[in-house]
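Below is one structure, written out as structure tokens; the observations come after it.
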2 protein chains.
Amino acid sequence: MREVRFFYVPDASTVTELPVEEAAHAVKVLRLHQDDEIFLIDGKGIFYKAVVDMANHKHCLYHVVETLPQKKSWRGRIQLAIAPTKHIDRIEWMAEKATEIGFDGLYFLRCDYSERTVIRRDRVEKVVVAAVKQSRKPYMPEIGELMAFGDFIHLPLQGHRFIAHCYDEISKTELYKELDALSPDDDVTVLVGPEGDFSVNEVREAIACGFKPISLGQSRLRTETAGLAAVMMCNLKKQFV
Amino acid sequence: MREVRFFYVPDASTVTELPVEEAAHAVKVLRLHQDDEIFLIDGKGIFYKAVVDMANHKHCLYHVVETLPQKKSWRGRIQLAIAPTKHIDRIEWMAEKATEIGFDGLYFLRCDYSERTVIRRDRVEKVVVAAVKQSRKPYMPEIGELMAFGDFIHLPLQGHRFIAHCYDEISKTELYKELDALSPDDDVTVLVGPEGDFSVNEVREAIACGFKPISLGQSRLRTETAGLAAVMMCNLKKQFV
């Protein structure tokens, strides 16, 4: 049995040629030829079955033979806003895993105790696109630019908003239990801080903006593990309803 | 505030000197001196508060001032047996994250479709020890040697045993739901296959041995992500009871 090949083609419904990078992969690595079958993911909920019309060293033309609308396996939107870690590979790893598990948006925060204040959004997006193809997700998660914490918390976000923190002096509940109280169709946004946590001021500011302070359980988690744990809790509660 | 320093010292109750590698870290990196306070993790459920008596370039002597018995934050044992991935960093990453989340045993399987048939247990253990210290886990997970799949499934394992697989033709239930039916104190062992999955024969053999076939949800997960997802599901159900 030949492995089914998936490509990420945001404009799959209107164009008839793979994007440059996807074409290079299709032709040079997978050695696709005329008449080979491929699948296209548009990242907006539709897979397309297509047939290769022409493949040379730079181009891969196709025509769509079937439109296959897909369903997300979880309900509502799952959004994570996180302070990027000092070592960027840790956040990129998390972006890959959160995509495999299933979520809808990844946003980056610049916080009081941030050890990293720049992030290459294009690199994260590359990792996420690879994971979308590998795990065959019909929807491409939205990837935001790095934003100041104070700006992000004032965005008009739909649904329920949570901020994870580790301070004993600021009361908090368990996200895993909070999720039981929500309708599974509700959108959820969780904020996760940098290695040194959010500052107390940031937590209080977010609470004043309507964010609920939460814990991710009794384990002491690294930033990227906390981010993935939050995504996984949301996905489980919104998948198995 | 000075960061609290944790060291992994399996014989903390009987010896008065840090193991060589821990001593090097204590003295050269953390620059500990006489009278500094340190914490020791014995990996068997006890933390020790200790004070440095002497620190030179090779040795770090201490005396214990307080014995602090700890509780695990989840009930029963959580055990994962997994086929190591071709790229070993993926399995090492998973070992780190599973340790942070919290589990009790990691075992390695040699399967019909395994892409890797050797593993350096000592390297995995190093990663796990670092994560135990970083996430301050009182118990060190057990790390097994690589075993043939057929031998592992015949081990006299306590508790509930599950095998994750992706075959449509072999019926399966959802691990996340199965866990609801168990007593939280019950031990759980989950098997996760290599990149190419277990073979149908392996799945059938495990079922014949009493393993329950399960799915880890609708997402298509890489081996290491599947392993972590299994650990996280078990930990959530056994932590929040």
Side-chain angles (χ1 to χ4, degrees), chain A residues 1 3-4 6 70-75 89-90 92-94 96-103 130-138 166 173-180 195-196 215-241, chain B residues 1 3-4 6 70-75 89-90 92-94 96-103 130-139 173-180 195-196 215-241:
Chain A
M1 196 188 74
E3 173 79 2
V4 182
F6 279 78
Q70 302 293 307
K71 273 187 73 175
K72 242 181 20 172
S73 58
W74 63 95
R75 291 160 65 177
D89 55 335
R90 291 187 168 268
E92 289 179 354
W93 159 81
M94 193 217 67
E96 175 183 306
K97 296 316 174 198
T99 305
E100 280 183 59
I101 298 295
F103 76 144
V132 159
K133 289 192 287 180
Q134 202 276 333
S135 65
R136 300 177 190 173
K137 289 283 179 293
C166 301
T173 53
E174 289 292 345
L175 177 64
Y176 190 66
K177 293 185 175 175
E178 287 289 338
L179 293 168
D180 284 328
E195 277 93 338
S215 157
L216 296 167
Q218 284 186 60
S219 283
R220 191 173 182 269
L221 304 175
R222 281 175 178 272
T223 290
E224 75 277 9
T225 320
L228 187 66
V231 166
M232 192 154 332
M233 287 181 201
C234 294
N235 184 284
L236 287 171
K237 293 286 190 183
K238 291 165 136 320
Q239 179 180 172
F240 298 106
V241 290
Chain B
M1 196 188 75
E3 173 79 2
V4 183
F6 279 78
Q70 302 292 308
K71 273 187 73 176
K72 244 182 17 174
S73 58
W74 63 95
R75 292 161 64 177
D89 55 333
R90 291 186 168 270
E92 289 179 354
W93 158 81
M94 193 217 67
E96 174 183 307
K97 296 315 175 198
T99 305
E100 280 182 59
I101 298 294
F103 76 144
V132 159
K133 290 192 287 181
Q134 203 275 334
S135 65
R136 300 178 191 172
K137 289 282 179 293
Y139 290 89
T173 52
E174 288 293 345
L175 176 63
Y176 190 66
K177 293 185 173 175
E178 287 288 337
L179 293 168
D180 284 328
E195 277 92 339
S215 157
L216 296 167
Q218 285 186 61
S219 283
R220 192 173 181 268
L221 304 175
R222 282 175 177 271
T223 290
E224 75 277 9
T225 320
L228 187 66
V231 166
M232 195 159 324
M233 286 181 200
C234 293
N235 184 284
L236 288 171
K237 293 286 190 182
K238 291 165 133 326
Q239 179 180 172
F240 298 106
V241 289

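We name chains A, B, ... by the order of the sequence lines, and we start the count at 1 in each one. Atoms considered below: every heavy atom in the structure, side chains included; atoms not considered: hydrogens, waters and symmetry mates. Computed from a predicted model, the values in this text were never measured in an experiment.
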Next on the checklist: I'd like to check the salt bridge (Lys or Arg N to Asp or Glu O under 4.0 Å) partners of B:K238; sequence neighbours left out, ordered by chain and number.
Outcome noted: none
Checklist outcome for this item: Assert top hit (heavy-atom pairs under 4.5 Å, partner chain B, pool A:G217, A:G102, A:A226) equals A:G217
Checklist entry - Checking B:E100 against chain A: side chain, backbone, both or neither under 4.5 Å from a heavy atom? => result both
Item to check | Partners meeting ring-ring contact (aromatic ring centres under 6.0 Å, His included) with B:Y139 (sequence neighbours left out) | outcome: none
Checklist entry - How about B:T223 and B:R90: do any of their side-chain heavy atoms sit closer than 4.5 Å? => result no
Item to check | Part of A:Q218 lying under 4.5 Å from any heavy atom of chain B | outcome: both
Checklist entry - Which answer fits A:Q134, side chain, backbone, both or neither, if we ask what part of it has an atom under 4.5 Å from a heavy atom of chain B? => result both
Checklist entry - Ion pair present between A:E224 and B:K97, side-chain N to carboxylate O less than 4.0 angstrom? => result yes
